[in-house]
Amino acid sequence: MKIRSLTINSRAEVIVKIVREVLTLFKVEIVGRTGEADYVQLSVVNRQSGCEPPSVMTEVFLFAHDGACEKFHFVSDGKADEVPRAAVHRAIKRNVYAFFRTRFAVPPAPWGILHGVRPTKIVHRWLRGGMSPEEIVARLGEDYDCSAGKARLITDVAVRQLPFLAQGNARTVSIYVGIPFCLSRCLYCSFPSNLLPSEKKLRAFMDVLARDLDAAAEDVRALGLTVQSIYIGGGTPTSLPNDFFAEMLKMVYNAFYGSHIAEFTVEAGRPDSMSAEKIAAMKEHAVTRVSVNPQSMQEVTLERIGRHHSPEDIVRMVHEIRAAMNVHINMDVILGLPGETAADVERTMAAVTVLAPDDITLHALALKRGSNLRLKMETEHVELPSDAETRRMSEAAVRAVEEVGYRPYYLYRQGYMSGDLENVGYARAGAESIYNIQIMEEHQTIIGIGGAATTKVLGIRSGRMRSVFNAKDLVTYLRDIDIYIEKRRALLRAEYEEETP
Ligand code: SF4
């Protein structure tokens, strides 16, 4: 649906964002004064009561081309245990959502008005407050119009995470190492990864990475932190040539490895980046978990999304890793890839589950700015599967993982997700990735090292995350490494130094 203009009786950024989120959910476009549109204007007027908990009445005016105006009003109340500001925002969102549902008879959105990357966070808060899982499922429906299926999913995920989140203490951290190179660029990717550069440039990267690792290791020692897990991601870390890859692993191992390490993961991503030498290096450096990410097991799809390998290469890679070392294997599948149907996903899931990985993450395609896919959709009219088809893909994929007994254990959402879906990690019981849980729940400090890495420091008392970022582009990372090291050090010291006994 297209509307020429939107007015809101508040310029506050957060209110505008809330209203626009609902418009995006129902695919309503604001086209500007000269664009072709179904309606001339949508006006949203929110009035907040002075009482506690707050209540919001939202009046909505919809103007047609012939000057006629339809008027609606909706009222939502906050709850006594909500922060008043958050209650007001939720009430506004709920009212605007109710307007679209009522006026245009659109079906409910699976997540209702529960937006944001980490919907499990609210479940954890309620669990800490003493609510039972059943009460939480009911309240997600009541407060957020969240469907019973999604409410049950995030509640189950959160409950399953509890024993993992209870491990360690305020000084337990994890390490992320970013290797920002890939062998080619996948169609849907917006990650700022670089194609593998010349050896000279790689050498420069390795030297800077060594300084970055040394500085972080020094901080970990000086501040008395304990490293729980190490995750080497990217990019595709295994896109490094054999000798560089082994050298990088050795540096990471020497900097952080010890008896305290519960998990050491390497993203191996694509079979065209793997070799017997790299598998041997991972074994030598005690890697415990390897990600092998087919995304699809359909040959024609792999070609369409720019991955230079076949489904058979994936199968061979999994067998070679298993034959050489005793590790957990993660596999990723993307739902909603261009040209695919639910039948393709069924075939992919059959091919993936027969390999019996320990962990399968089902991603819904997120159409990201900066991806070649987005560009192609604008210039070459590449079409994505419909939302309904992507949901059928999700149903088929979930059925496949549940049939082999895997259980959902981490979940996150992004903007512009196909089918208004989510990314969910499923694992065999006992094979859950601690790092995946910690990073998604923002429950622990993660020290980021390397290209495009983010350091997130969890406030011991405030519970808030503060972040610093290494540059996304390689030239800036190499040039300004001392600045990044200092910023990270300052953030870590600010949180942990005064706490040192
Ligand atoms: S391998 Fe991963 S990081 Fe590299 S281009 Fe493909 S999706 Fe992006």
Side-chain angles (χ1 to χ4, degrees), residues 176-197 201-202 205 209 231-241 244-245 248 265-275 278 289-299 301-311 313-314 317-318 321 329-340 348 352 359-377 382 384 412 414-418 423 425 433 435-436 439 448-454 469-474 477:
Y176 173 84
V177 182
I179 309 296
F181 306 117
C182 285
L183 293 179
S184 67
R185 190 162 172 80
C186 303
L187 184 66
Y188 50 81
C189 183
S190 66
F191 185 77
S193 65
N194 310 273
L195 293 184
L196 197 65
K201 205 151 194 192
L202 261 188
F205 171 77
L209 183 67
Y231 190 100
I232 304 181
T236 310
T238 43
S239 64
L240 292 173
F244 283 93
F245 180 74
M248 179 274 294
T265 305
V266 173
E267 257 188 55
R270 303 158 37 150
D272 47 344
S273 72
M274 190 41 83
S275 68
K278 289 176 202 174
R289 201 169 189 103
V290 180
S291 284
V292 179
N293 301 330
Q295 319 301 18
S296 167
M297 290 295 262
Q298 306 304 295
E299 183 113 44
T301 307
L302 291 173
E303 200 175 308
R304 197 179 291 130
I305 62 176
R307 291 175 72 96
H308 301 164
H309 61 80
S310 67
D313 293 333
I314 289 278
M317 180 176 173
V318 169
I321 294 170
I329 292 189
N330 296 352
M331 293 182 85
D332 282 7
V333 170
I334 300 182
L335 311 172
L337 287 170
E340 288 222 325
T348 288
V352 167
D359 179 318
I360 300 176
T361 300
L362 303 175
H363 292 268
L365 182 77
L367 191 56
K368 293 177 189 161
R369 275 190 210 103
S371 66
N372 288 338
L373 177 58
R374 181 116 174 197
L375 197 69
K376 277 201 169 187
M377 287 182 70
V382 169
L384 294 181
Y412 67 103
Q414 293 165 286
Y416 308 107
M417 296 196 82
S418 295
N423 301 325
S433 158
Y435 181 85
N436 283 344
I439 186 93
I449 299 153
T454 299
F469 309 90
N470 284 358
K472 288 187 173 171
D473 84 282
L474 191 58
Y477 172 66

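Bear in mind the structure is a predicted one, so any value in this text is a computation, not a measurement. All values below were derived from every heavy atom in this structure, side-chain atoms included, with hydrogens, water molecules and symmetry-related copies excluded. When a ligand or atom number is given, it counts from 1 through the structure's own listing order.
Rounding to the nearest 0.5 angstrom, the gap separating the CD atom in Q295 from the NE2 atom in H363 is 6.5 Å.
In this structure, the side chains of I179 and F205 come closer than 4.5 Å at one or more pairs of heavy atoms.
For the side-chain contact (heavy atoms from CB on, under 4.5 Å) with P294, the lone residue among I314, T301, D313 that qualifies is I314.
The shortest separation from a heavy atom of S184 to ligand 1 is under 4.0 Å, placing the residue in contact. Ligand 1 does not have G234 within reach: every non-hydrogen atom of the residue lies 4.0 Å or more from it.
Backbone or side-chain N, O or S atoms of C182 do not reach atom 6 (Fe) of ligand 1 at under 2.8 Å.
Numbered from 1 in the order shown, with element, the atoms of ligand 1 that lie under 4.0 Å from a heavy atom of R270 read 1 (S), 6 (Fe). The distance from ligand 1 to the heavy atoms of C189 drops below 4.0 Å at these ligand atoms: 3 (S), 5 (S), 7 (S), 8 (Fe). Here is the list of ligand 1 atoms found below 4.0 Å of a heavy atom in Y188: 7 (S). Within ligand 1, the atoms closer than 4.0 Å to a non-hydrogen atom of G235 are 3 (S), numbered from 1 in the order shown. The distance from ligand 1 to the heavy atoms of T236 drops below 4.0 Å at these ligand atoms: 1 (S), 4 (Fe).
The side-chain contact (heavy atoms from CB on, under 4.5 Å) test applied to P197 returns F181, K201, L202, not counting sequence neighbours. With sequence neighbours excluded, the residues satisfying ring-ring contact (aromatic ring centres under 6.0 Å, His included) with Y231 are Y435.
A donor atom on one side chain and an acceptor atom on the other are not found under 3.5 Å apart for R304 and S296.
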